[in-house]
Amino acid sequence: CCVALYFSKNEGFPENKRAGKPCVNLQKNFRCRVHTELEKRKLKGCMAYDCFGAGQKVTQTVYHGKSWKDKDVKPDEMYRVFLAVYQLHQMLWYLNEAALLIPAADIYGVIESAIQDLDRLTRQTPEALLKLDLEACREKTNRLLKEVWHRVQNTVKSTVEPQKSVDFIGKDFKKAVL
């Protein structure tokens, strides 16, 4: 993650960094030199970023423990594989959250099957991962998530009185106790 992605200092990262260049804080052992100081240094981008385990999956599973520094690894290919696996891991995160929702209990088997299918995709060869139709994966995941959302919405509608819509756009919540 600290190599494959671009960073913008304006977004709370240490520097403006192009994709494929290691972060200035990435050490030789792949640990962050300032990880324990992220808050103090106001590196909000680093604190908020989550690859959902995609970086580990790519290095440990897809590339069998190798890194972009190894001679037999093509770094640009590895970065593109990471981006594909990252997107699959985002979908997996949403599906795992959906599986926890009580209104979705009757379609848990469908959700679990989708999770297993996506997980299998993340374990493919680099060549296969680069050929994946991620848009088709996203569409299939979105259809299932929308089904879960409708079930949740119907459950809420049947148990909660309709309320007047409130517009919060442009409101100042600085002093609000939320």
Would you check if [X] and [Y] make a side-chain contact, meaning some heavy-atom pair closer than 4.5 Å?
X: Glu139; Y: Arg143; answer: yes
X: Arg123; Y: Val62; answer: no
X: Met78; Y: Tyr63; answer: yes
X: Thr59; Y: Trp68; answer: no
X: Cys46; Y: Pro14; answer: yes
X: Gln56; Y: Cys51; answer: yes
X: Thr61; Y: His64; answer: no
X: Tyr79; Y: Asp76; answer: yes

Would you give the length of the straight line joining atom [atom1] of [X] to atom [atom2] of [Y], rounded to the nearest 0.5 angstrom?
X: Leu134; Y: Gln87; atom1: CG; atom2: CD; result: 5.0 Å
X: Gln124; Y: Lys131; atom1: CD; atom2: NZ; result: 10.5 Å
X: Leu121; Y: His89; atom1: CG; atom2: NE2; result: 10.5 Å
X: Leu43; Y: Phe7; atom1: CG; atom2: CZ; result: 10.0 Å
X: Gln153; Y: Lys146; atom1: CD; atom2: NZ; result: 12.5 Å
X: Cys137; Y: Lys140; atom1: SG; atom2: NZ; result: 8.0 Å

Give every residue pair that meets the salt bridge (charged side-chain N to carboxylate O under 4.0 Å, His left out) criterion with at least one member in [range], sequence neighbours excluded.
range: residues 85-95; result: none
range: residues 48-69; result: Lys57-Asp119, Lys66-Asp72
range: residues 169-178; result: none

Can you give each donor-acceptor pair under 3.5 Å made by side-chain atoms of residues 100-108, sequence neighbours left out, with the distance rounded to 0.1 Å?
residue : atom : partner : partner atom : Å
Asp106  : OD1  : Arg151  : NH1          : 2.8
Asp106  : OD2  : Arg151  : NH1          : 2.6
Tyr108  : OH   : Glu112  : OE1          : 3.2

Using the rule that Ile, Leu, Val, Met, Phe, Trp and Tyr join whenever any side-chain heavy atoms are under 4.5 Å apart, tell me whether [X] and [Y] fall into a single cluster.
X: Leu83; Y: Leu118; value: yes
X: Tyr6; Y: Phe13; value: no
X: Trp149; Y: Met91; value: no

Any donor-acceptor pair under 3.5 Å from [X] side chain to [Y] backbone:
X: Glu37; Y: Val34; value: no
X: Lys17; Y: Leu5; value: yes
X: Asn16; Y: Lys9; value: yes
X: Asp133; Y: Ala136; value: yes

Side-chain donor-acceptor pairs under 3.5 Å in residues 20-29, sequence neighbours left out?
residue : atom : partner : partner atom : Å
Gln27   : NE2  : Arg31   : O            : 3.4
Asn29   : OD1  : Arg31   : N            : 3.0

* Atom of Gly55, atom of Phe82 and distance for their closest heavy-atom approach -> N-CE1, 3.6 Å
* For the student: nearest non-hydrogen atoms of Leu95 and Ile111, plus distance -> O-CG2, 3.5 Å
* To do: Could you tell me whether Glu127 atom CD has more than 12 heavy atoms of other residues or ligands within 6.0 Å of it?
  => yes
* Within 6.0 angstrom of Phe30 CZ, more than 12 heavy atoms from elsewhere -> yes
* To do: Verify side-chain hydrogen bond (donor to acceptor under 3.5 Å, both in side chains) between Gln90 and Tyr94, making sure each step is shown before the conclusion.
  => CA-CA 6 Å; Gln90 286 175 320; Tyr94 283 114; over 6 Å; no
* To do: Test Leu132 against every option in Leu88, Val81, Val85 by the side chain to side chain contact (heavy atoms under 4.5 Å, CB included) rule and name the one that passes.
  => Leu88
* Asked: With sequence neighbours left out, what residues match Arg18 under salt bridge (charged side-chain N to carboxylate O under 4.0 Å, His left out)?
  -> none
* Asked: For Arg138 and Glu135, what are the C-alpha separation, side-chain angles and deciding distance, and is it a salt bridge (charged side-chain N to carboxylate O under 4.0 Å, His left out)?
  -> CA-CA 5 Å; Arg138 211 174 352 269; Glu135 189 58 35; 3.3 Å; yes
